[in-house]
Amino acid sequence: MVTFLAGGTGTPKLLWGADDIFGPTETPAVCNTGDDVEMGGHLVCPDIDTTLFSDGGILDRETWWGIEGDSTTTHEEIHTLADEAGVESGPRYLSDEAQTSGRRLARWRRFSGVAEFMQLGDRDRAVHITRTGLLDEGRTLTEVTATLATALGVDRPVLPMSDDPVATIIHTEDGPMHFQEFWVHRRAEPVIERIEFRGANEAAPTEAVLDALDAPVVIGPSNPVTSIGPMIAMDTFRTALESTPVVAVSPFIGDQVFSGPAGKLLTASGYDASTVGVAEAYPFADAFVLDTEDETKLDRPIVRTDTELGSPGDGARVCHAVTEALETIGAEVS
Ligand code: GDP
């Protein structure tokens, strides 16, 4: 078994095409839930869903979120109603009181459904409605995710990092905002003051996650701050990584990021916006997979390959480099 840690882009890209190297049933994906939001009463888990949709063969691979060819009839109607009513669009947080009452898992990231600021497709929304319904019937997010995996024909154990609420809040010059407001609505433009993983001190990884972390771990080319940060903000998660072999794939080539706000977030967290910063953020990583063009020198073993991911062939190539890195550090892959 080898366990992959996943945000919403890098690791799903890495696992696309990896099945012959890392068989899905033996390769759990532990998914970040700090990005989750509750929108109009429905819990949306972007990182879990990208892995589920990718393995289920329905992911929109242009955007790496949502379902390929999905319609947006409901989303458009929601906006028509808001426009006709003259209601202001943009993130509409529920009251402070509502943030911590009701469904516990949705704490600190609860938005009204009015003029929803994230585009949710119709089939995609059916997943959120089903997930939330199952949660409200009393199941844990771990159980609900397993049910959705069955429904979508996914063999991989897809594991939420925790069944407890953890919300990634970006404190900016314009005030605190949930990561999805910062990223989706504000396009990562506000100046960051600090990043908070609200709830992480009281949250714990699930038993399923702790079991999975007994195996060697691969951190795909993820955003170290907002995808892996919420996981390692939980003490027992970080401790588990310290006592198992860990290989990380860089989401940078030197100081060039492939996509997204990882550079800005690393800088705001006191790290270099580069592969060097990724290595600093992962003191528990035993080896790294870097791009052949990446000349970074590190104090830990490096395996180099072309790390650009966008096809099953790319995933297979980089996963071969990952196996080489695991061998280099003597990891036992049972
Ligand atoms: P999320 O989409 O914000 O949840 O982000 P993830 O944590 O899953 O991954 C985002 C990171 O993936 C970014 O920092 C990108 O630099 C990195 N990334 C995206 N595409 C590629 C690629 O083709 N190769 C590599 N090495 N990294 C990539």
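Whatever order the structure lists them in is the order used to number ligands and atoms, beginning at 1. No hydrogens, no waters, no symmetry mates; every other heavy atom, side chains included, goes into these values. On a predicted model such as this, the values are computed, not experimentally measured, just so you know.
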[X] bridged to [Y] by N-O distance under 4.0 Å:
{"X": "D49", "Y": "R131", "value": "yes"}
{"X": "E181", "Y": "R92", "value": "no"}
{"X": "D291", "Y": "R304", "value": "no"}
{"X": "E189", "Y": "R187", "value": "no"}

What is the nearest protein non-hydrogen atom to [atom], stated with its residue, atom name and distance?
{"atom": "atom 8 (O) of ligand 1", "value": "T9 N, 2.6 Å"}
{"atom": "atom 10 (C) of ligand 1", "value": "N223 N, 3.8 Å"}
{"atom": "atom 18 (N) of ligand 1", "value": "F258 CB, 3.6 Å"}
{"atom": "atom 24 (N) of ligand 1", "value": "T307 O, 2.8 Å"}
{"atom": "atom 23 (O) of ligand 1", "value": "L309 N, 2.7 Å"}
{"atom": "atom 15 (C) of ligand 1", "value": "S259 O, 3.2 Å"}

In short, L265 meets N223 closest at the heavy-atom pair CD1-ND2, 3.4 Å
Polar atom proximity, [X] to ligand 1 (N or O, under 3.5 Å):
{"X": "P12", "result": "no"}
{"X": "K13", "result": "yes"}
{"X": "T11", "result": "no"}
{"X": "P251", "result": "yes"}
{"X": "W183", "result": "no"}

Ligand 1 atoms nearer than 4.0 angstrom to some heavy atom of V257 are 14 (O), 16 (O)
Atom CD of residue position E293 - does it have more than 12 heavy atoms of other residues, nucleotides or ligands inside 6.0 Å? no
Practice problem: Please work out which of the three classes, parallel, tilted or perpendicular, describes the rings of W183 and F179, given edges at 30° and 60°. | Solution: parallel
Which residue from [options] reaches closest to [atom] through any of its heavy atoms?
{"atom": "atom 11 (C) of ligand 1", "options": "P221, G10, C31", "result": "P221"}
{"atom": "atom 3 (O) of ligand 1", "options": "G260, A262, S227", "result": "S227"}
{"atom": "atom 26 (N) of ligand 1", "options": "A6, G8, S250", "result": "S250"}

Going by the 4.0 angstrom heavy-atom rule, the piece of D47 near ligand 1 is side chain
Practice item. Would you verify whether the NZ or CZ of R61 falls within 45 degrees of the ring axis of W64 while also being under 6.0 Å from that six-membered ring's centre? Key: yes
Quiz item: Is a side-chain donor or acceptor of Y93 paired with a backbone partner of M177 at a separation under 3.5 angstrom?
Solution: no
Ring centers of F258, F252 separated by less than 6.0 Å:
no
